[in-house]
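The block underneath contains the structure these notes are about, expressed in structure tokens.
Since we're looking at a predicted model, the values are computed, not measured.
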Amino acid sequence: MRGAVWWGLGRYAERVLTLRDVHKSYGSTVAVDGLSLHIEAGEVFGLLGPNGAGKSTTIGMAVGLLRPDRGSVELAGLGSPTKASVRRHLGACPQQIALYEQFSGEENLLFLGKLHGLDRATRKRRAAELLERVGLTARARDRVSAYSGGMQRRLNIAAALVHDPQLVLLDEPTAGVDPHSRHALFELVRALKSEGRTVVYTTHYMEEAQRLCDRVGVIDQGRVLALGTVDELIAAHGGQSVVTVLRDGPGGGAEEGEPERIETDDPMREIARVAAEPGAREVRLERPDLEGVFLHLTGRSLRD
Amino acid sequence: MRAVLALALKDLLLLRRDRAGAFFTLVFPVAFAVLFGLIFSGTTGTPTGVRVLVVDEDGSAASAAFMERLTRNESLRIEVIGDAQVGAGAVRRGQRAAMLVLPAGFGESVSSPTRLFGGGGGDEGLVRGVVDPGQRFTTGLLQGAVTAALFETVSGAMGEAEGVRRAAADGRAMVASAEPGTINLPMRLALRGVFDQLDVMASEMEAAHARGDGGDAPSGDGTGAGPGSGFGNGLGVRFEEVAVARSGPRSSFDLTIPQGNAWGLMACVIGFGMSLVTERTRGTMTRLLVAPVSSSQVLAGKAVACFATACFVQTVLILVGVAFFGVRVGSVGLLAAGFVAASFAFTGIMMTLSAVGRTEGGSEGFGRAVLLVLALFGGGGVPLAFMPEWMRQVAGVSPFKWAILAVENAVWRGASAAEAVVPLVALAGFGVAGFVLGVWLFRRSLRR
């Protein structure tokens, strides 16, 4: 099936998923307001925005759970994901832990495999592979209710992969997990990318987007504010780097003992210059990041 | 279809893992039916045994003594009534196992050998009995009990020496006055020997009484009228069978088993309805809906699981009733149709209920409130027959009434085909309405 999906998607375009001018409202509340973007084959695409920005609604439309009020969503070459046959080609991991707690980890995966039409042997093989992959082989027969939060998160992602999809959508997969599980999830996303899968990853943690994503869409109030690689976004919206210099004596325009802040587009050259001057005791570099990008674009912090 | 079955199996497995849910769905209805069946049948305390009506048309000391002796028999539950016709009606309706009538002259018969041995009871017998032919074992039990009581009564009547002498004198007078040729010589000699023996026995009783050791009733050897002789063959009681009209329940379990079904159906509705709400609140519905299955398939899976469980619960209950509590199924076909119709109806109701509430607490509270009222109005608590007329009229809006009626029709009501169709059609109507409304509400909730 993996091959079929790959060929099916690859034959038509490098754009695996396209959302065109989609709108979605809940009563008078506008959740998504004319959002357009495309996801390219093999990339990890991050949808970055604060809580309530419209990320989950966008994912909901992308996986066919929600119908847009206006606009269109298309899985390349296959049509709208509101059709059950189209959804067969994507794997979605909801933000909420969506598992049957009375079932074991293995039973959850076997049931979902059955729902995706996998035969018995394939189901068992995939379940074993995925449990191994997320480090739950030893707890495979335990009920999910006995798992820790981090283990449930890992299984939640494994459940999205049981049918070996080429496009995987992860909605805030690290919400509320411990650092160990978070690291394991990062490794899993990297592994998915290395296997050539396309990953859409929503988060409100700019560090995650910066570490994992090839491209990032910054979203707020249901609209995409900026789209590009991390470097492109920072270059365009992050502002200048700041070199902070602490000297032994007065110099550089600052009072004695006070740090000097230098904003620059070429921090390395500035650091070399400062280092060549006498009296520089400490030099610090603050590069712009996606937090700065969001602040620049909205005037608010991501965590507001 | 594979996806629907996978979803249904998943729900059945979840029910099995949920101990509280399984208890209320499978165990509670059986416990309800058994407990209330026992309470209403009175078998949790004394007296126990076959329920027998007795009509005392004689009103003599002997008849009172006979009834008192009959009451001592622990196999019988004796109820004295005044009207034989009313009693026969109760037997005919299956409300009582048998009736005994002590006709006028019963007392004289038991104290007179002439009437006792000479056919004084005639073809009527000393005691007349009316029995339900469906309970033939009762006839044997009753015959033995009546014979024993009669023997004791006759013995008691002749228990005093004076009575024995009077019986011997009556006997001699009967033989003497008999028309020539009616009693041959050997018989006359034999009877004379019997009467002489009675005189001897009376003398022995007087002597024993004088010694202070009693003077009780003579043994059977002395009279030739022991249980092994004439009475033992049922000489004194003649039974007739009446055709029992099955217009009433045979036992309280005929009522409580269908009621237990209703509670089982209610547990199914609440259990599966809540599971659908839980799927939404816990996020597993999202997981299902991003899989390659439609919302209709998700609903169908839930409906199949609910329907199968409802059929299973009802089948278990009736099997328990048949195996342990004497419930007899009049029509297996009608019973199966009733189960299917009731399961369909309550599956439809489950669909609506699950789509109404947005939270588990809200849905469960609403569901229990509505279903409890419907169950009580529909005869799930107090049988409809015991309700005021206006409540019986209102009960038509309750699917529980029709579910109970459908089972009762198959078990004891002996309904005609036309009568049996009514609850089935009503249940089908509830089912269709529930499905349509439930699917509409569910899809509307997904669009939100």
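The contact between A:Glu107 and chain B is made entirely by side chain atoms (from C-beta outward), counting heavy-atom distances below 4.5 Å. Within the 4.5 angstrom heavy-atom criterion, only side-chain atoms of A:Phe111, from C-beta onward, approach chain B. If you measure heavy-atom distances from B:Leu9 to chain A, the contacts under 4.5 Å come from the side chain alone. The part of A:Ile97 that comes within reach of chain B is its backbone (N, CA, C, O), which places non-hydrogen atoms under 4.5 angstrom from that chain. Interface residue B:Thr281: only backbone heavy atoms are found under 4.5 Å from chain A.
For B:Phe23, the CZ atom is densely surrounded, since the number of other residues' heavy atoms within 6.0 Å is greater than 12. No more than 12 heavy atoms of other residues, nucleotides or ligands sit less than 6.0 Å from atom CZ of B:Phe312. Summarising the local packing, CZ of B:Arg16 is surrounded by 12 or fewer heavy atoms from other residues, nucleotides or ligands at distances under 6.0 Å.
Contact detail for A:Gln102 and B:Arg17: the closest heavy-atom pair is O-NH1, 2.8 Å.
Between chain B and the residues A:Glu101, A:Lys83, A:Gln96, the largest count of heavy-atom pairs under 4.5 Å involves A:Gln96.
Listed by first and then second residue, the salt bridge (charged side-chain N to carboxylate O under 4.0 Å, His left out) pairs involving residues 287-309 of chain B are B:Asp11-B:Lys302, B:Glu279-B:Lys302 (not counting sequence neighbours). For residues 50-61 of chain A, the set of pairs meeting the salt bridge (charged side-chain N to carboxylate O under 4.0 Å, His left out) definition, not counting sequence neighbours, comprises A:Lys55-A:Glu172.
Heavy-atom neighbours of chain A within the stretch residues 288-297 of chain B, taken at a separation under 4.5 angstrom, comprise B:Leu288, B:Leu289, B:Val290, B:Ala291, B:Pro292, B:Val293, B:Ser294.
Under the side-chain hydrogen bond (donor to acceptor under 3.5 Å, both in side chains) criterion, A:Lys114 pairs with no residue, sequence neighbours left out.
Taking NZ from B:Lys10 and CG from A:Leu110, the interatomic distance works out to 15.0 Å, rounded to the nearest 0.5 Å. The CG atom of A:Asp171 sits 10.0 Å away from atom OG1 of B:Thr286, with the distance rounded to the nearest 0.5 Å.
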